[in-house]
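These figures come from a predicted structure and were not determined experimentally. All chains are named by letter (A, B, ...) in the order of the sequence lines, taking the proteins before the strands, and each is independently numbered beginning at 1.
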Amino acid sequence: MVTIRLTNSKTRKKEDFVPIDASNVRMYVCGPTVYDRAHLGNARPVVVFDVLNRLLGHVYGPDHVTYVRNFTDVDDKINAEALRRQKAGSPGTLEDLIHERTEETIAWYHADMDALGATRPDHEPRATEYIGQMVAMTQGLIDTGHAYAVEGHVLFRVRSYKDYGALSGRSVDDMIAGARVEVAPYKEDPMDFVLWKPSSGEEPGWASPWGKGRPGWHIECSAMSLELLGESFDIHGGGLDLQFPHHENEIAQSACAHPHGDFAHYWLHNEMLQVEGKKMSKSLGNFFTVRDLLTSGFPGWRGIPGPVIRYVFLLTHYRKPMDWRQATASNAKRRLDIWSSEVSANSDLKRDFETDREGFTKDFVGNEVVQALSDDLNTSLAITLLISTGKKLEGAERALLRSDEVEGLQRELVAGCFLVGIDLFAYGDSNKKRSEGIPEYLAKLIALRDTAMQTKDFSAVDALKSALTAAGVEVRMSKSGVELVPGPDFDPAKLEALQ
RNA sequence: GGCGGGUUGGCGGAGAGGUUACGCAGCGGAUUGCAAAUCCGUGUAGAUCGGUUCGAUUCCGAUACCCGCCUCCA
């Protein structure tokens, strides 16, 4: 069996991955707060841990991996949006509006992440469904002296956990030194963080021993991972920005509430996303959602297919800052177009793959690709290997191959792509859909060109060619024939206008 | 101020203590009604300084610069 190696934030080292129970490998990843559309940065951990989930499934069997990713549906921003809607005249109670908002956002999230080829986790718990467990865990922490209730709040006593700060490499004293921490008069120590806080009149709240209130953010993940994965599990993932304080606080809570468990054995953190070299932010004007990219893309484009976005993500190792750039996306699209056209004509292959994608992948994925992914998710190297497989199917080399060799390379390419979450056939099919209407122009162009070859008058050919180019269709002519390829800015409406 | 990460050819981006990464762009050639595309070939590297070594871009140390986190932003 392949040994997976992962960089563990807890030890800062790349380690062999040894599951607690190989028949049930367990992973928890912090999910989104569902108050609005996911932006591109939100998608990075989704793709990273989706690849890991697929790899674990490949190595241990899909039925032997449990992947949990939560929805945080208790949040001030959600409340604010619901309140705004109520004031704008939306019918229903505030609670209805909150529910409406979270349901809507979760549906968006699913649609957007599905488009990126991310498999849905086995469990997607919502914080509001685990309030009882959070209250119980909080009470337990009070009982053992790790937390205290004051003025309707419950606070975690940071000094009661000696390893606090170990994950992020800080000491409580250092943190206080440079600190921008909220100093509330009721805190024993400025670093103490909230487990439960009171809700005012119109805010949503749940009954608790400390009055009507709601859980703190950190306790949510501790309670949900305990419920679904147990006191000890294998992998905990999330963005690097969550390492402190969120993950540090999770560890403190879980370790103190369940001193006999180990909580997570391996902590994985993905680096952040940048846009054209800068941090994505609303003030810089380079902020966009996944949906924006899927439907619009770059200026002049008409949407970027999800697999193309995923491919761009895969080009950068998850522990390095990733830059989202138009040039990279263009290259990615081109590569996927080439790959899908290389395999799309093989309908037997398509049928085999679509009958059982996981089984097909298991059987035909290249060993080197699995090795690359197993080495701390080296997706960039995996892509390089796939490029080299793809290259063998192009150009002069292909002519030297026997048909069974071609078939073998095609299988390897399809399987390798699927292991990193790209379905080449589905991608090809959606491309075909986009280019509906093109074939008739192809026929027209060929006819015009044939005539022109006789008459030597190419004006009609050139006119149609530039019209097609203007509509975003790339025109490729050679001795062997004419090919029309829709580009990212292909606009069917402009094509209609030609008639 | 504290903590962490990074610095590879024009750009992006890997592996390996000694042997071509790779992709894009560039350049030369083939092909082409023109152009694009395609095909063949090809140059360029590892922040700085020091150490270990027969030999380091790869290991160790220092310096410089960049980035992130320390704010319920993934």
Ring pair (Phe, Tyr, Trp, His ring centres under 6.0 Å) filter on A:Tyr130, not counting sequence neighbours, yields none
Applied to residues 450-463 of chain A, the salt bridge (charged side-chain N to carboxylate O under 4.0 Å, His left out) test, sequence neighbours excluded, yields A:Asp462-A:Lys465
Picking from B:G13, B:G23, B:A37, the nucleotide nearest the side-chain atoms of A:Arg476 would be B:A37
The complete set of salt bridge (charged side-chain N to carboxylate O under 4.0 Å, His left out) pairs with one or both residues in residues 104-115 of chain A, sequence neighbours excluded, reads A:Arg37-A:Asp112, A:Arg85-A:Glu104, A:Arg101-A:Glu104, A:Asp112-A:Arg291, A:Asp114-A:Arg120
A:His269 meets the ring pair (Phe, Tyr, Trp, His ring centres under 6.0 Å) criterion, sequence neighbours left out, with A:His247
Residue set satisfying ring pair (Phe, Tyr, Trp, His ring centres under 6.0 Å) with A:Phe233, at least two apart, ordered chain then number -> A:Phe263
Expected list for residues 320-335 of chain A near RNA chain B, using heavy atoms below 4.0 Å, is A:Lys320, A:Arg325, A:Asn331, A:Arg334, A:Arg335
Per the 3.5 Å Watson-Crick/G-U criterion and a run length of at least three, the stems involving RNA chain B are B:1-7 with B:64-70, B:10-12 with B:22-24, B:26-30 with B:38-42, B:47-51 with B:59-63
Quick test: give all pairs of protein nitrogen or oxygen and nucleotides 56-59 of chain B nitrogen or oxygen below 3.5 Å, distance rounded to 0.1 Å.
none

Regarding the side chain of A:Phe244, the nearest nucleotide among B:C70, B:A14, B:A37 is B:C70
Per-nt protein contacts along nucleotides 28-33 of chain B (heavy atom under 4.0 Å; B base, S backbone sugar-phosphate only, - none) come out as ---SSB
Give me the distance, rounded to whole Å, that separates B:U7 from B:U58 when you measure between the C1' atoms they each carry. 15 Å
What residues 33-50 of chain A contributes to the RNA chain B interface at heavy-atom separation below 4.0 Å is A:His39, A:Gly41, A:Asn42
Contacts satisfying side-chain hydrogen bond (donor to acceptor under 3.5 Å, both in side chains) that involve residues 305-317 of chain A (not counting sequence neighbours) are A:Asp50-A:Arg310
Ring pair (Phe, Tyr, Trp, His ring centres under 6.0 Å) filter on A:Phe298, not counting sequence neighbours, yields A:Trp301, A:Trp324
Base of B:C72, side chain of A:Lys197 - is there a donor-acceptor contact under 3.5 Å? yes
Discussion item. Any carboxylate oxygen within less than 4.0 angstrom of a Lys/Arg side-chain nitrogen, looking at A:Arg5 and A:Glu15?
Written reply: no
